[in-house]
Student: 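Supplied in structure tokens, the structure appears directly below.
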Amino acid sequence: MTQLVNLPPRVKETDLTGLLKQMWLIRYFEEKVDEFFAKGMIHGTTHLAVGQEASAVGSIAVLEDRDKITSTHRGHGHCIAKGAEVNRMMAELFGRTTGYCKGKGGSMHIADVEKGNLGANGIVGGGFSIATGAALTSQMKKQGYVVLCFFGDGASNEGSFHEAVNLASIWKLPVVFICENNQYGMSGPAKEMMNVEDVAQRAEAYGISGKVVDGNDVFDVMNGVGEAVDRARNGEGPSIVEAKTYRWKGHSKSDAKKYRTREEEQEWRAKDPIARLRDVLIEKGLLTEEAADEIKAEAKKEIEDSVEFAKDSPMPTIDDLMEDIYA
């Protein structure tokens with residue numbers, strides 16, 4: 001059972017119900033995207049993070065407002081946890097002008113620079129260079145912010161991963177590399193794609209800290225990432241934190257998941273990060289069952305409202321085609 005122990009000092013017990021609300025927002029957002037993609041109302045492709053809510057919420061919970069993140073193609077949860085407006089996110093996926101990219105970017109390109117979200121990325125490993133560059137800016141300008149760089153287990157085999165970690169380690173940049181290891185790439189298990197048990201083991205080669213956390217336990221994520229953020233902010237350089245988690249859905253909407261068993265899926269569904277947090281908060285007397293149900297209902301309504309906002313928003317016109325091509 002998850003325990004309420006050793007929370008980072010900046011996280012108070014009074015904040016924990018807010019974390020539960022964020023996790024429900026992510027879950028319901030993803031489920032609605034899944035529904036409307038199947039109906040042909042959302043186009044392109046989508047990469048859902050159902051089951052991975054704790055790794056996003058727990059990591060971002062220990063940040064300060066000035067801190068930055070870079071995200072991935074599976075980035076809806078990161079966006080919501082960093083404070084993105086679900087109305088604008090949903091509108092973007094519906095291809096409407098009220099979306100974050102005015103309906104032109106879609107699922108893999110949402111960014112909210114004002115909130116410190118430097119963007120999702122359709123390129124596997126595309127966030128490494130951006131995060132490392134942002135961390136270099138923070139260091140050179142003495143701005144004091146830390147950057148979280150989210151990536152998946154598959155991206156740890158990209159050359160950009162090793163280049164970024166090497167550079168960050170040499171210059172002691174204030175960046176934390178967070179691997180959301182959901183056990184599979186597009187169609188193959190992570191254990192067949194690398195000759196180490198944990199991605200975090202690769203930190204040793206660069207002389208930096210590497211730590212594995214339970215990616216379905218929001219408190220374990222908060223502790224592991226919180227320690228790494230503190231080191232980065234104190235000038236002690238980067239870390240790799242690997243959150244072991246599981247995606248309930250396929251890699252993308254075209255993935256039939258034929259490479260894994262129903263038994264495995266059920267085993268991981270029993271570790272639902274939302275249910276685990278809810279149960280602990282009730283057990284510790286920080287939340288009643290009635291209050292937990294209210295939080296769930298509030299999150300559901302916000303996402304339902306975001307769908308209506310998206311549907312009611314205008315589509316781009318042909319006159320918008322050549323706008324925002326470059327700065």
Student: Does K104, at its NZ atom, have more than 12 non-hydrogen atoms belonging to other residues, nucleotides or ligands within less than 6.0 Å?
Tutor: yes
Student: Answer yes when E180 and R74 have at least one side-chain N-carboxylate O distance shorter than 4.0 Å, and no when they do not.
Tutor: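 No salt bridge links E180 with R74.
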Student: Drop me the distance from W171's CH2 to N166's CG, to the nearest 0.5 angstrom.
Tutor: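 Separation between the atoms: 10.5 Å.
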Student: For the residue pair Y246 and Y184, categorise the inter-ring angle as parallel (less than 30°), tilted (30 to 60°) or perpendicular (more than 60°).
Tutor: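 If you compare the ring of Y246 with that of Y184, the planes turn out perpendicular.
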Student: For the OG atom of S59 and the CG atom of L148, what is their distance to the nearest 0.5 Å?
Tutor: 6.5 Å
Student: Under 4.5 Å between side-chain heavy atoms, counting indirect links through other Ile/Leu/Val/Met/Phe/Trp/Tyr residues: same cluster for V229 and V175 or not?
Tutor: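 No, V229 does not connect to V175 through the hydrophobic network.
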Student: Answer yes or no for K271 and W268: cation-pi contact, defined as NZ/CZ to six-membered ring centre under 6.0 Å and angle to ring axis within 45°.
Tutor: yes
Student: Tell me whether R233 contacts the main-chain N or O of G144 through its side chain, where contact means a donor paired with an acceptor under 3.5 Å.
Tutor: yes
Student: With the 4.5 Å side-chain cut-off for hydrophobic clustering, are M108 and V86 part of the same group?
Tutor: no
Student: State the CD1-CD1 distance between I178 and I240, to the nearest 0.5 angstrom.
Tutor: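 Spacing of CD1 (I178) from CD1 (I240) equals 11.5 Å.
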Student: Tell me if a side-chain donor or acceptor on E53 pairs with a main-chain N or O of G51 at a distance below 3.5 Å.
Tutor: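 Looks like yes, one N/O pair under 3.5 Å.
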Student: Are M23 and L16 co-members of a hydrophobic cluster defined by side-chain heavy atoms under 4.5 Å apart?
Tutor: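 Yes, because L16 and M23 connect within a single hydrophobic cluster, where side-chain heavy atoms sit under 4.5 Å apart.
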Student: Drop me the distance from L277's CG to T17's OG1, to the nearest 0.5 angstrom.
Tutor: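 Rounded to the nearest 0.5 Å, the CG-OG1 separation comes out at 9.5 Å.
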Student: Any donor-acceptor pair under 3.5 Å linking the side-chain atoms of Y206 with those of H162?
Tutor: yes
Student: Please confirm whether R27 makes a cation-pi placement over W248, using NZ or CZ under 6.0 Å from the six-membered ring centre and within 45° of the ring normal.
Tutor: yes
Student: Would a distance-only check, ignoring hydrogens and angles, find a side-chain to backbone donor-acceptor pair under 3.5 Å from N157 to M193?
Tutor: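 The answer is yes, because a donor-acceptor pair under 3.5 Å joins these two groups.
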Student: Can you establish whether the number of heavy atoms outside N195 located under 6.0 Å from its atom CG is more than 12?
Tutor: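 No, the 6.0 Å shell around CG holds no more than 12 heavy atoms from other groups.
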Student: Name the residue from N182, D214, D198 that meets the side-chain contact (heavy atoms from CB on, under 4.5 Å) definition with K244.
Tutor: D198
Student: Tell me if a side-chain donor or acceptor on K68 pairs with a main-chain N or O of L118 at a distance below 3.5 Å.
Tutor: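 Not confirmed, K68 side chain does not pair with L118 backbone.
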Student: Is it true that, when you exclude D65 itself, more than 12 heavy atoms of the residues, nucleotides or ligands shown sit nearer than 6.0 Å to its CG?
Tutor: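 Incorrect, the count does not exceed 12.
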Student: Within a radius of less than 6.0 Å around CD of E114, do more than 12 heavy atoms belonging to other residues, nucleotides or ligands occur?
Tutor: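 No, CD of E114 has 12 or fewer neighbouring heavy atoms, counting only those of other groups under 6.0 Å.
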Student: Salt bridge between D320 and K102, side-chain N to carboxylate O under 4.0 Å?
Tutor: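 K102 and D320: not salt-bridged.
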Student: Just one of F150, Y28, F29 clears the ring-ring contact (aromatic ring centres under 6.0 Å, His included) bar with H76, so which one?
Tutor: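 Exactly one candidate clears the test, F29.
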Student: Would a distance-only check, ignoring hydrogens and angles, find a side-chain to backbone donor-acceptor pair under 3.5 Å from S138 to A135?
Tutor: no
Student: Do K32 and E35 sit within salt-bridge range, that is, some charged N less than 4.0 Å from a carboxylate O?
Tutor: yes
Student: In the single-linkage hydrophobic clustering (I, L, V, M, F, W, Y; side-chain heavy atoms under 4.5 Å), do V147 and M222 co-cluster?
Tutor: no
Student: Any donor and acceptor pair, going by atom type alone, linking the side chain of S156 with main-chain N or O of D153 inside 3.5 Å?
Tutor: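 It does hold such a pair.
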Student: Provide the closest heavy-atom pair for A164 versus T132 in the form atom of the first, atom of the second, distance.
Tutor: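 Closest pair (atom of A164, atom of T132, distance): CB-OG1, 3.4 Å.
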Student: Can you check whether C101's main-chain N or O pairs, donor with acceptor, with E92's side chain at less than 3.5 Å?
Tutor: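 Looks like yes, one N/O pair under 3.5 Å.
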Student: Can you tell me how far apart CD1 (I80) and CE (M89) are? Round to the nearest 0.5 Å.
Tutor: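 That separation rounds to 4.5 Å.
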Student: In the single-linkage hydrophobic clustering (I, L, V, M, F, W, Y; side-chain heavy atoms under 4.5 Å), do M41 and I110 co-cluster?
Tutor: yes
Student: Please walk me through it: do K300 and D293 pass salt bridge (charged side-chain N to carboxylate O under 4.0 Å, His left out)?
Tutor: CA-CA 11 Å; K300 185 175 184 180; D293 290 341; over 6 Å; no
Student: Report the distance from atom CG of L25 to atom CG of L20, rounding to the nearest 0.5 Å.
Tutor: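 L25 atom CG to L20 atom CG measures 10.0 Å (nearest 0.5 Å).
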Student: Can you tell me if E242 uses its side chain to pair, donor with acceptor, with the backbone of K211 under 3.5 Å?
Tutor: no
Student: With side chain to side chain contact (heavy atoms under 4.5 Å, CB included) as the criterion, how do N121 and I130 come out once you've worked through the C-alpha distance, each side chain's angles and the decisive distance to 0.1 Å?
Tutor: CA-CA 10 Å; N121 208 302; I130 298 170; 3.7 Å; yes
Student: Counting N and O atoms only, with roles assigned by atom type, does the side chain of T97 sit under 3.5 Å from a partner on the main chain of P314, one being a donor and the other an acceptor?
Tutor: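 Answer holds: yes.
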Student: Look at the side chain of D272 and the backbone N and O of I274, then say whether any donor-acceptor pair between them is shorter than 3.5 Å.
Tutor: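 Judged by distance alone, yes, a pair lies under 3.5 Å.
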Student: Is it the case that atom CD1 in I170 sees more than 12 heavy atoms from other parts of the structure closer than 6.0 Å?
Tutor: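 For I170, atom CD1 is crowded (more than 12 foreign heavy atoms under 6.0 Å).
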Student: Check this for me, if you would: do K249 and E30 make a salt bridge, where the nitrogen-to-carboxylate-oxygen distance has to be below 4.0 angstrom?
Tutor: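 A salt bridge is absent here (no side-chain N lies under 4.0 Å from a carboxylate O).
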Student: If you count heavy atoms of other groups shown closer than 6.0 angstrom to CD of E236, is the number above 12?
Tutor: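 Yes.
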Student: Parallel, tilted or perpendicular, judged at 30° and 60°: which one describes the rings of F161 and F177?
Tutor: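 The arrangement is perpendicular - the two ring planes meet at more than 60°.
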